[in-house]
Amino acid sequence: MKRIALFASGNGSNAEKIMLHFNKHKDIFVALVVASKPDAFVIIRAQNHSIPSLVLDKNEFTKTEKLLTELHKHQIDFIVLAGFLWLIPQYLIRAFQKSIINIHPALLPKYGGKGMYGMNIHRSVINAKEMESGITIHYVNEEYDDGEIIIQKTCAIDTNETPDTLAKKIQSLEHEHFPIVIESLLVPNKS
Ligand code: GAR
């Protein structure tokens, strides 16, 4: 059984899709939710699925071993960033080599980096008159949105597209693909 931790900073709609997808799964278990804010809605979602959650402040996250201790206590094998906005510190990258992935709501390497999240991204994409946008799922390294790309899925940008309508398209791409991509990484031989 592979045990995953979901890291999220806010709403957690992707996190919940993942919780639902792996509910009673034979090989994968969502064992922990890590939130960067005590009022993140993802914590309520975790409670609704009887999944324990952990809230850390930035100092604990970057400068202490508390998180590592908790991840080991919950026997976590794999970390999924699902709308998590803090840079992942080196100690975590070292402890989870090739075992941390992130989802980004644009086609990296464009529209990535610090400050590029949520509506900022969709506004920039539309202002630049791009013909398409999409999602990127990638391994995490010490830089924002920089690790090896696992998969990208695209959607067209219509002439009357707004940041809101684009956000909805991107969210449905995320919900459709993220759980399945996690499954294919952790249980590669499943047909
Ligand atoms: C998602 O669109 C995800 O791609 C994005 O945050 C959103 C979280 O939504 N992540 C980033 O921008 C990371 N740079 P959710 O809380 O509803 O799952």
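Only a predicted model underlies this, so the values are computations on that prediction, with no experimental measurement involved. Whatever order the structure lists ligands and atoms in, that order sets their numbers, starting from 1. Residue numbers start at 1 and run along the sequence shown.
Taking a cut-off of under 4.0 Å to the non-hydrogen atoms of Gly83, the atoms of ligand 1 that pass are 6 (O), 8 (C), 10 (N). For ligand 1, the atoms sitting less than 4.0 Å from at least one non-hydrogen atom of Asn11 are 16 (O), 17 (O), numbered in the order shown with element in parentheses. Counting atoms of ligand 1 from 1 in the listed order, those under 4.0 Å from a heavy atom of Ser13 are 15 (P), 16 (O), 17 (O), 18 (O). For ligand 1, the atoms sitting less than 4.0 Å from at least one non-hydrogen atom of Tyr117 are 12 (O), numbered in the order shown with element in parentheses.
Judged purely by atom type and a 3.5 angstrom limit, Gln47 has no side-chain atom pairing as donor or acceptor with the backbone of Ile44.
When Lys153, His104, Gln152 are each tested for a side chain to side chain donor-acceptor pair (under 3.5 Å) with Thr136, only one passes: Gln152. When Asp77, Leu68, Ile88 are each tested for a side-chain contact (heavy atoms from CB on, under 4.5 Å) with Phe96, only one passes: Leu68.
The pair Glu174-Lys17 fails the salt-bridge criterion, with no side-chain N (NZ, NE, NH1 or NH2) lying under 4.0 Å from an Asp/Glu carboxylate O.
Ranking protein heavy atoms by distance to atom 5 (C) of ligand 1, first place goes to Pro105 CD, 3.8 Å. When only non-hydrogen protein atoms are considered, atom 14 (N) of ligand 1 lies nearest to His104 ND1, 3.3 Å. In this structure, atom 2 (O) of ligand 1 lies nearest to the protein heavy atom Glu174 OE1, 2.9 Å.
No more than 12 heavy-atom neighbours from other residues, nucleotides or ligands sit within 6.0 angstrom of NZ on Lys2. By the 6.0 Å contact criterion, CD on Glu142 is enclosed, its count of non-hydrogen atoms from other residues, nucleotides or ligands being greater than 12.
Within the 4.0 Å heavy-atom shell around ligand 1 one finds Gly12.
One hydrophobic cluster, built from ILVMFWY side chains closer than 4.5 Å, holds both Leu54 and Leu92.
For atom 13 (C) of ligand 1, the nearest non-hydrogen atom from the set Ile103, Asn14, Leu6 comes from Ile103.
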